[in-house]
Amino acid sequence: MIDFEQLRRWPDIEAPELVAHDATDRLLLDTADEALTAHPEAVTVIGDRYGALTLGVAALSPGTPVRVHQDALSGERALDANAGRLGVTATWTHHGLDEALLEGARTVLVQLPRGLDALDEIAGSIARYAHPDVRVLAGGRVKHMTLAMNDVLARHFGEVTAGLSRQKSRVLTATTPTPGGALGWPRTSRHGDVVVVAHGAAFAGTSIDVGTRALLAVLDRAAPEARDVVDLGCGTGVLAASFALARPDARVVATDQSWAAVESARATMTATGVADRVVVSRDDAGSSLAEASADVVLLNPPFHVGATVHTAIAHKLFEAAARLLRPGGELWCVWNSPLGHRPVLERVVGPTTQVARDRRFTVTRSVRRG
């Protein structure tokens with residue numbers, strides 16, 4: 001077994017209250033031992049956060065090729081980095097949530113997502129593409145699990161059972177897939193001129209969240225001369241698509257580290273008719289974009305890390321925006337009013353003014369220092 005304590009979250013934020021593994025990883029691997037022995041040639045891992053499951057499979061079944069889907073690009077990088085740190089020489093390949101990930105899979109280990117839509121797309125994909133005798137082991141922390149998760153799995157599998165809890169974690173086992181019918185993902189909804197397309201794990205789905213609406217309401221005030229625009233952490237791409245519609249001469253880049261977000265955003269641009277003017281890329285905090293390359297950055301940062309309310313990702317994205325903006329460039333940001341991000345924006349980016357505010361959300365404009 002691997003030494004879980006040696007796992008690190010890099011390139012995600014390291015903090016004492018944020019861990020790179022939990023009891024669910026250990027319980028899943030213990031539960032999977034028999035299945036891995038029976039069919040070591042067809043193993044898929046979904047939702048591995050920082051590599052604990054993939055590297056654990058490598059330790060239990062040396063030489064086993066593993067196909068892995070991690071929604072977050074930082075998770076892929078953490079897996080690779082942790083393998084190097086621990087000297088693990090296993091074979092795994094990174095995949096989207098698609099046929100190549102699941103074709104013929106006999107054992108699938110899943111870290112349960114918190115969203116039921118995300119679970120529905122995962123379960124439907126497994127049922128459609130995996131081997132008819134596939135065994136799905138889906139684990140989570142008991143406090144985040146609901147009976148609705150069993151119901152979602154039961155839509156796609158003939159048998160779903162719950163194991164005993166251990167260290168506040170539990171594993172659901174699903175067998176006998178029922179692959180008939182369409183997957184139903186991604187889904188589509190029109191909001192005025194913008195057609196939002198969303199995969200199951202995309203934040204807000206096909207709706208437009210309240211924070212994004214608050215930023216959209218004042219976006220016409222952003223620098224009128226802006227030509228290079230970045231939607232940082234773009235989600236389904238609503239901000240990028242809206243800006244491209246309003247400013248046909250602008251060059252827009254929409255970037256997110258989430259596979260579901262990027263696939264959703266690409267489809268949103270196509271459905272909205274702006275795919276020729278918006279480049280969508282999977283990236284961690286815009287790290288592949290050139291320094292001082294943007295006139296405007298649009299940002300609706302998350303306020304949590306996994307299940308933990310935390311400012312770490314927001315601060316990381318503020319620093320990324322400061323790097324991307326040209327001197328005098330503008331960061332237009334919407335954030336939860338109680339979080340009080342303005343002092344951090346002042347320090348990291350530059351002079352910051354409040355554009356709009358209500359009990360829930362604040363919209364600010366920060367000008368990059370020269």
Side-chain angles (χ1 to χ4, degrees), residues 23-49 52-54 56-58 60-61 64-71 92-93 95-142 144-166 169-187 199-201 259-260:
T24 304
D25 295 309
R26 295 188 290 272
L27 181 57
L28 273 168
L29 290 168
D30 289 346
T31 306
D33 197 0
E34 182 179 343
L36 293 173
T37 300
H39 298 287
E41 77 287 354
V43 180
T44 292
V45 173
I46 298 175
D48 195 1
R49 288 160 299 189
L53 287 178
T54 304
V57 169
L60 287 171
S61 184
T64 293
V66 185
R67 290 172 285 177
V68 186
H69 172 65
Q70 295 163 280
D71 184 65
W92 63 85
T93 51
H95 294 269
L97 185 59
D98 53 23
E99 183 175 3
L101 171 76
L102 291 159
E103 185 179 14
R106 299 293 295 264
T107 303
V108 182
L109 305 186
V110 181
Q111 268 280 0
L112 281 167
R114 297 192 69 186
L116 296 180
D117 284 348
L119 180 58
D120 185 62
E121 186 170 18
I122 290 169
S125 298
I126 297 170
R128 186 173 192 179
Y129 298 126
H131 192 280
D133 293 329
V134 66
R135 178 174 294 272
V136 181
L137 303 172
R141 302 294 282 169
V142 171
H144 300 313
M145 297 174 70
T146 66
L147 290 176
M149 291 178 171
N150 300 54
D151 296 337
V152 170
L153 289 172
R155 292 176 199 161
H156 304 283
F157 295 90
E159 184 175 353
V160 179
T161 58
L164 298 175
S165 65
R166 190 182 82 186
S169 293
R170 189 188 302 276
V171 171
L172 305 177
T173 300
T175 55
T176 318
T178 54
L183 277 173
W185 297 101
R187 295 176 179 170
H199 283 270
W259 177 89

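Each residue takes its place number in the sequence, starting with 1. Computed over heavy atoms, backbone and side chain alike; hydrogens, waters and symmetry mates excluded.
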If we ignore hydrogens and angles and just use 3.5 Å, is the side chain of [X] paired with the main-chain N or O of [Y] as donor and acceptor?
X: D71; Y: A260; answer: yes
X: D25; Y: A52; answer: no
X: R170; Y: G163; answer: yes
X: S61; Y: V57; answer: no
X: H69; Y: H95; answer: yes

Checklist entry - Going by the side chain to side chain donor-acceptor pair (under 3.5 Å) test, which pairs reach into residues 32-47, not counting sequence neighbours? => result H39-R106

Please report the closest heavy-atom contact between [X] and [Y], naming both atoms and the distance.
X: T175; Y: F157; answer: O-CB, 3.3 Å
X: R114; Y: M149; answer: O-CE, 4.2 Å
X: V43; Y: P40; answer: CG2-O, 3.8 Å
X: L109; Y: A32; answer: CD2-CB, 3.5 Å
X: P113; Y: I122; answer: CG-CD1, 4.1 Å
X: V68; Y: W92; answer: CG2-CB, 4.1 Å

Distance from [X] atom [atom1] to [Y] atom [atom2], nearest 0.5 Å?
X: T107; Y: H131; atom1: OG1; atom2: NE2; result: 11.0 Å
X: L116; Y: D151; atom1: CG; atom2: CG; result: 9.0 Å
X: L112; Y: L153; atom1: CG; atom2: CG; result: 7.0 Å

Next on the checklist: Atom CZ of residue position R67 - does it have more than 12 heavy atoms of other residues, nucleotides or ligands inside 6.0 Å?
Outcome noted: yes

Checklist entry - Could you walk me through whether I46 and L102 pass the side-chain contact (heavy atoms from CB on, under 4.5 Å) check? => result CA-CA 10 Å; I46 298 175; L102 291 159; 4.2 Å; yes

Checklist entry - Mind checking what makes ring-ring contact (aromatic ring centres under 6.0 Å, His included) contact with H156, not counting sequence neighbours? => result none

Checklist entry - Would you say the side chain of T54 lies within less than 4.5 Å of the side chain of Q70, judging by non-hydrogen atoms? => result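 Counting from C-beta outward, Q70 and T54 never come under 4.5 Å.
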
Checklist entry - Would a 4.5 Å heavy-atom cut-off, applied to side chains only, mark Q111 and T24 as touching? => result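 SC-SC contact between Q111 and T24 confirmed.
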
Item to check | Residue pairs, two or more places apart or on separate chains, that pass salt bridge (charged side-chain N to carboxylate O under 4.0 Å, His left out) and touch residues 155-166 | outcome: D30-R166, D120-R155

Checklist entry - Would L53 and L28 count as a side-chain contact (heavy atoms from CB on, under 4.5 Å) if you check the C-alpha gap in whole Å, the side-chain angles of each, and the deciding distance to 0.1 Å? => result CA-CA 8 Å; L53 287 178; L28 273 168; 3.9 Å; yes

Item to check | Residues L172, M145; criterion side-chain contact (heavy atoms from CB on, under 4.5 Å); working and verdict | outcome: CA-CA 10 Å; L172 305 177; M145 297 174 70; 3.8 Å; yes

